[in-house]
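Working notes, structure below.
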Amino acid sequence: MTGKRWQLAHGRYVDLGDRALVMGILNVTPDSFSDGGAFDAPARAIEQARRMVAEGAVIVDVGGESTRPGAAPVSAAEEQDRVLPVISQLASSGDVLISVDTYREETARLAVAAGAHVVNDVWGVQREPGIARVAAETGAGLVIMHTGRDRAKLADVIDDQFAFLRRSLEIAREAGVRDEQIMLDPGFGFAKDENENLELMARFSELCELGYPLLAGTSRKRFVGHVTGREAADRDAGTAATSVILRMKGAQIFRVHNVAINVDALAFADAMLARQTNLPGH
């Protein structure tokens, strides 16, 4: 795979290429769909973050508002009260890259000031476009996620991806975000039914045409349960299978709850990709 460098805040970066990278999910919320309440106390959150890093996570993604369908919204102040102490404490250790999962400009700005390196926006900078300015001004990595929520979608899943993400990229560029800061996420599960998610997986490599590195977030999603018949807490093996499939189709970073199982699964995907690259004719 051709290597790229993803530029992040505070002078940090991530090299992308021959090795898949894992982003551990740290929900400091009482109501996230599979682990709500498990890590909403700062001490438990820090312990879980360190566990994920020990298991191989390169980035820890800290979120203070559940994005599951039907979740009750929280205020910016409440979100910040949840995430900022955890980000500050993680940043003080200096040995982990930190992402903040937010669509709010104010939360993103405070989080980067507290030590976050990445802003991960599930609304693709289209709900609060000022979040792109935060990335531009701070140099933070910016994950631009596709969503189908609160709008009419195009019938073809890839056409809809391109239409939405190209608009998001326009907003980011107009704000001054550099290409090397951008990571795209197709938003598995966000206003997509089972068939749409599976179609998106099958055609995932088409998204490489956009020219940006890709993040996959399938962890414990409902469509994994539809395929496996498992409840959310028991979907880690199914998630690892999706990670392998998506790695073979071009994904670079994998946002997951269970770091260890995905690190192991992705090691095999990377071994196969290396073997294919070394075959005659490649």
Point-to-point distance, once rounded to the nearest 0.5 Å, from CG of Asp101 to CD of Glu65: 9.0 Å
If Ile, Leu, Val, Met, Phe, Trp and Tyr residues are connected whenever their side-chain heavy atoms lie under 4.5 Å apart, and connections chain through other members, are Tyr103 and Val100 in the same group? no
Do the side chains of Phe162 and Leu207 get nearer than 4.5 Å, heavy atoms only? yes
Can you tell me how far CZ of Arg255 sits from CD1 of Ile59, rounded to the nearest 0.5 angstrom? 11.0 Å
Please assess Ile171 against Gln126 for the test side-chain contact (heavy atoms from CB on, under 4.5 Å), listing each intermediate value before the final yes or no. CA-CA 8 Å; Ile171 294 169; Gln126 294 193 37; 3.8 Å; yes
Check Ala20 against Arg247 and note the closest heavy-atom contact, atom names and distance. N-NH2, 3.3 Å
Please examine the side chains of Leu110 and Thr107, heavy atoms only from C-beta on, and report whether any two atoms are closer than 4.5 Å. no
Just by distance, do the side chain of Trp6 and the backbone of Asp15 share a donor-acceptor pair under 3.5 Å? no
With a 3.5 Å distance limit and no angle check, can you tell me whether Lys221 reaches the backbone of Gly217 through a side-chain donor-acceptor pair? yes
Between Ser93 and Asp95 the two heavy atoms that sit nearest each other are OG-OD1, 2.8 Å
Any side-chain donor paired with an acceptor under 3.5 Å for Thr29 and Asn27? no
Short side-chain to backbone donor-acceptor contact, Gln161 and Pro186, under 3.5 Å: yes
Please give me the minimum heavy-atom distance between Ser243 and Asn262, naming the atom from each residue. OG-OD1, 2.8 Å
Side chain of Ser88, backbone of Pro85: donor and acceptor closer than 3.5 Å? no
Checking side-chain contact (heavy atoms from CB on, under 4.5 Å) against Ser99, which of Val118, Leu26, Val62, Ile87 comes through? Val118
If you compare all heavy atoms of Ser219 against all heavy atoms of His257, which two are closest, and at what distance to 0.1 Å? OG-ND1, 2.7 Å
Does Arg19 reach the main-chain N or O of Asp270 with its side chain, forming a donor-acceptor pair under 3.5 Å? no
Identify whether the distance between the nearest side-chain nitrogen and carboxylate oxygen of Arg104 and Glu106 falls below 4.0 Å. no
Distance, nearest 0.5 Å, that separates CG of Leu21 from CD1 of Ile253: 5.5 Å
Pairs where residues 220-244 contributes a residue and the test ring-ring contact (aromatic ring centres under 6.0 Å, His included) is met, not counting sequence neighbours: Phe188-Phe223
Please report the C-alpha distance between Arg149 and Trp123 in whole Å, then the side-chain angles of each, then the deciding distance to 0.1 Å, and finally whether the side-chain contact (heavy atoms from CB on, under 4.5 Å) criterion is met. CA-CA 9 Å; Arg149 291 179 179 175; Trp123 288 90; 3.8 Å; yes
Answer yes or no: is there a donor N or O on one side and an acceptor on the other, between the side chain of Arg133 and the main chain of Ala175, under 3.5 Å? no
Do Val53 and Arg50 have side chains that get closer than 4.5 Å, going by heavy atoms? no
Donor-acceptor pair, side chain of His10 and main chain of Ala116, under 3.5 angstrom: yes
Leu142 side, atom CG; Leu184 side, atom CG - distance, nearest 0.5 Å: 9.0 Å
Would a hydrophobic clustering, with Ile, Leu, Val, Met, Phe, Trp and Tyr connected at side-chain separations under 4.5 Å, put Phe190 with Leu215? no
Hey, are the side chains of Leu16 and Met183 touching, using non-hydrogen atoms and a 4.5 Å cut-off? yes
Between Val157 and Tyr212, is there shared hydrophobic-cluster membership here, with clusters defined by ILVMFWY side-chain heavy atoms closer than 4.5 Å? yes
With the threshold set at 4.0 Å, does a side-chain nitrogen-carboxylate oxygen contact exist between Glu170 and Arg167? yes
So, Arg109 and Glu137, do they make that salt bridge, N to O below 4.0 Å? yes
Any chance CZ of Arg203 has more than 12 other-residue heavy atoms, nucleotides or ligands included, within less than 6.0 Å? yes
Does Leu198 reach the side chain of Val227, with side-chain heavy atoms less than 4.5 Å apart? yes
Any heavy-atom pair between the side chains of Leu210 and Arg166 that's under 4.5 Å? yes
When you group the ILVMFWY residues by side-chain heavy-atom contacts below 4.5 Å and let the links chain together, are Met145 and Val125 in the same group? no
Would you say Tyr13 has more than 12 foreign heavy atoms packed within less than 6.0 Å of its OH? no
Grouping I, L, V, M, F, W and Y whenever their side-chain heavy atoms are under 4.5 Å apart, do Ile261 and Val259 come out in a common cluster? no
Should we count CZ of Arg12 as having more than 12 external heavy atoms under 6.0 Å? yes
Please confirm whether the backbone N or O of Thr102 pairs with a side-chain atom of Glu79, one donor and one acceptor, at under 3.5 Å? no
Within-4.5 Å side-chain heavy-atom neighbours: Asp179 and Arg173: yes
For the CD1 atom of Ile144 and the CG atom of Leu169, what is their distance to the nearest 0.5 Å? 5.0 Å
With Asp185 as reference, evaluate Leu165, Asp121, Val143 under the side-chain contact (heavy atoms from CB on, under 4.5 Å) test and give the passing residue. Val143
Drop me the distance from Asp18's CG to Gln252's CD, to the nearest 0.5 angstrom. 9.0 Å
NZ/NE/NH1/NH2 to OD/OE distance under 4.0 Å, Arg151 and Asp160: yes
For residues Ile158 and Leu200, determine if any side-chain heavy atom of one lies less than 4.5 Å from a side-chain heavy atom of the other. yes
